[in-house]
Number of protein chains: 2
Amino acid sequence: MGEVAARAEVGKITVSRVIRTPDKVAPETRRRVQAAIRELGYVPDRTAGALSSMRSGVIGALVSTLGDSVFASTIDGLSQRLRGAGHELLLTSTDYDPALEEEAVRTLLGRRPDGLVLTSTAHTADVRRMLAASRVPVVEIWQMPDDPVGHVVGFSNRAAGHALTEYLIGSGRRAIAFLGGDRPNDSRGRRRAEGYAAALEAAGLGAPRPVSRGAGDLPNAEFGARALREARVRWPDLDAVICVSDPVAVGALCEARRTGLSVPDGLAVAGFGGLEVASEAALDLTTVAFPGAEIGRRTAEILLHPRDHTAPQIVDLGFRLIRRATA
Amino acid sequence: MGEVAARAEVGKITVSRVIRTPDKVAPETRRRVQAAIRELGYVPDRTAGALSSMRSGVIGALVSTLGDSVFASTIDGLSQRLRGAGHELLLTSTDYDPALEEEAVRTLLGRRPDGLVLTSTAHTADVRRMLAASRVPVVEIWQMPDDPVGHVVGFSNRAAGHALTEYLIGSGRRAIAFLGGDRPNDSRGRRRAEGYAAALEAAGLGAPRPVSRGAGDLPNAEFGARALREARVRWPDLDAVICVSDPVAVGALCEARRTGLSVPDGLAVAGFGGLEVASEAALDLTTVAFPGAEIGRRTAEILLHPRDHTAPQIVDLGFRLIRRATA
DNA sequence: ATGCGGCATGGTATCGATACCATAAGCAAC
DNA sequence: GTTGCTTATGGTATCGATACCATGCCGCAT
């Protein structure tokens with residue numbers, strides 16, 4: 001910055017002003033400084049700026065997993081809005097592990113972010129303490145937590161599970177299984193399964209029929225196919241399966257077709273997530289879609305324009321039950 | 001840091017050493033300092049550290065798109081290795097637009113990253129200049145560029161297109177179309193289409209049969225279904241389609257099934273990407289899989305352990321043709 | 001002529017860490 | 001006893017920006 005200032009024959013502070021508040025500098029001076037910036041290829045050092053202004057321009061995001069695409073649209077929406085406001089996204093993943101989350105939060109806080117976005121569901125006591133002490137705005141997304149840490153932008157997984165189950169019951173299904181909603185760390189899946197169980201109970205359809213995901217099972221198509229086989233053995237009268245996520249549903253759907261079981265006549269199949277290949281043009285799968293990109297945008301909005309320093313905002317963006325060919 | 005130092009009755013510098021090089025501090029002193037750190041809930045400020053050490057501990061990643069999951073496994077592999085080495089990932093997207101890329105590179109350089117990862121393919125002259133001037137190690141991934149900016153960890157999209165086409169020819173297909181490989185900014189898709197055209201020519205199978213993606217068409221299932229319809233009208237003898245990516249292939253496959261066309265007997269369908277729902281348990285789609293996670297890991301390795309400051313490394317990780325039920 | 005306010009710009013301290021050099025103590029070797 | 005080496009610790013300058021206050025100039029009202 002000093003070199004630029006010298007070349008433009010102004011003080012360093014004026015260079016800073018040209019970059020941050022060009023209106024406050026006389027047009028002629030501004031031109032000279034901008035010319036010097038271009039000629040020297042000067043790129044301001046934001047880490048230094050962060051140190052003195054106490055604002056880093058960085059938002060930390062902690063997602064449960066990067067490995068699959070669930071959060072892609074959210075990250076995309078978030079990143080786009082942030083970029084427009086001169087902020088960047090620092091991304092880490094936790095693999096649904098609260099201990100890893102704790103380490104990740106500590107690391108992110110070391111970067112002095114202007115905000116933190118959490119997709120994880122359970123937080124250790126230390127994490128809560130650190131977050132409170134740091135006074136960094138926090139947004140929890142993709143769920144409605146029982147005990148929010150800060151702001152919330154999400155939807156109710158429980159209500160989604162309930163709605164989908166009610167829909168299947170309404171269309172005449174009686175023996176409905178739920179594939180894969182019971183991993184201890186995956187609270188989103190668990191909530192969906194809870195909503196399912198509650199809807200069964202309300203309709204007087206007896207005990208839930210869960211198929212467990214083993215510790216090593218990812219919620220993917222392979223598990224979906226295997227879980228459907230298992231379910232058909234355990235409940236010969238099976239006439240519908242709800243799958244914890246769309247990839248699982250795709251596996252179940254394809255398995256059903258392979259074994260000659262007609263969908264939806266013989267078996268209804270539905271999932272959660274609004275996966276792209278579930279669309280009409282592809283598998284035409286009945287699913288509950290979540291407003292992924294909108295979550296990202298609203299989150300950015302909250303972090304960039306804090307309305308109120310005391311009251312956390314709780315935004316429920318809901319979900320959309322998409323009735324298609326498989327149920 | 002001062003507070004911690006005061007509480008532990010040592011100099012600030014000793015606190016710094018306890019954090020960065022604990023072995024160089026006497027065990028008793030170390031204990032005292034660590035106790036003070038815990039009691040005060042002190043989290044070192046890495047932005048300040050970055051300023052004085054000239055190493056930010058941040059790696060900037062520029063992906064063409066976050067919206068779909070193509071790069072998810074790569075980002076995951078990259079992020080995990082980096083985390084293990086105390087580095088973080090700063091993520092931005094370019095939407096395949098060189099102008100946006102330029103802005104993004106400028107922004108990232110402002111954070112003084114220790115390395116930069118680019119998935120984009122075309123770079124403006126200004127981008128090249130900035131990168132060279134900044135002396136930041138750069139890794140281009142997911143391709144083998146004609147004119148590399150720095151290191152490369154990728155594979156040949158052209159060879160992948162060629163191999164898949166050869167395989168189809170070898171299994172008796174004669175009228176092979178290519179769906180969607182011609183967006184000007186998507187050089188990966190274009191290379192695949194080039195490999196396809198070259199293989200056709202080598203086999204004396206006449207002119208390529210491309211179906212264009214319009215400017216507004218995303219490479220998804222909806223486009224795949226529509227493109228297949230168009231292809232069947234234009235080439236009634238069509239006996240195979242190669243799709244620029246797996247989501248497109250899924251659309252084509254489902255469209256074929258819907259219209260009663262038998263796959264693979266009546267039509268072979270194949271894609272690129274190794275998408276999860278293409279697996280045996282699901283759609284059992286013939287595809288060319290790319291080593292996404294491995295690309296991420298190798299990239300991290302190169303950035304974390306620079307072997308040589310002069311010679312850029314060029315790593316071709318290849319691809320894997322997976323023959324499944326659809327071709 | 002004086003004083004006041006607004007505009008454009010500059011000077012200096014500061015953010016919170018690390019680099020670099022200095023210092024002090026302990027111990028072995030000559 | 002001196003030198004030299006190692007180990008443990010501290011002091012001070014510095015990284016590159018911004019915050020805060022100061023300054024000089026101009027025009028205009030009094």
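Lettering of chains follows the sequences in order, A, B, ..., and the numbering in each one begins at 1.
- Scanning residues 8-25 of chain B for heavy-atom distances under 4.0 Å to DNA chain C yields B/Lys12, B/Ile13, B/Ser16, B/Arg20.
- Here the P atom of nucleotide D/dT12 and the CE atom of B/Met1 are 15 Å apart, to the nearest Å.
- When rounded to the nearest whole Å, the span between CD of B/Glu3 and C1' of C/dA17 equals 15 Å.
- Side-chain contact check for A/Thr94 and A/Ser64: no donor-acceptor pair (N or O, by modelled atom type) lies under 3.5 Å.
- Atoms CZ and CD1, from A/Arg111 and A/Ile59 in turn, are 15.0 Å apart once rounded to the nearest 0.5 Å.
- Formation of a donor-acceptor pair under 3.5 Å by the A/Thr29 side chain with backbone atoms of A/Val25 is not found in this model.
- One finds a side-chain N or O of A/Thr29 lying less than 4.0 angstrom from the OP1 or OP2 phosphate oxygen of C/dT9.
- Judged purely by distance below 3.5 Å, without hydrogens or angles, the side chains of A/His123 and A/Glu101 pair a donor atom with an acceptor atom.
- Of the possible donor and acceptor atoms, one in the side chain of A/Ser56 sits under 3.5 Å from a partner among the backbone N and O of A/Arg112.
- Look at CZ on A/Arg111: it is 14 Å from C1' on C/dG16, rounded to the nearest Å.
- A side-chain donor-acceptor contact under 3.5 Å links B/Asp45 and B/Thr47.
- Within residues 46-62 of chain B, the residues approached by DNA chain D to less than 4.0 Å at the level of any non-hydrogen atom are B/Leu51, B/Ser52, B/Met54, in residue-number order.
- The closest side-chain donor-acceptor pair between B/Thr21 and B/Asp23, if any, does not fall under 3.5 angstrom.
- Regarding B/Arg32, its CZ atom lies at a distance of 14 Å from the P atom of D/dA8, rounded to whole Å.
- Note that OG of B/Ser73 and CG of A/Leu66 are 10.5 Å apart. Values are rounded to the nearest 0.5 Å.
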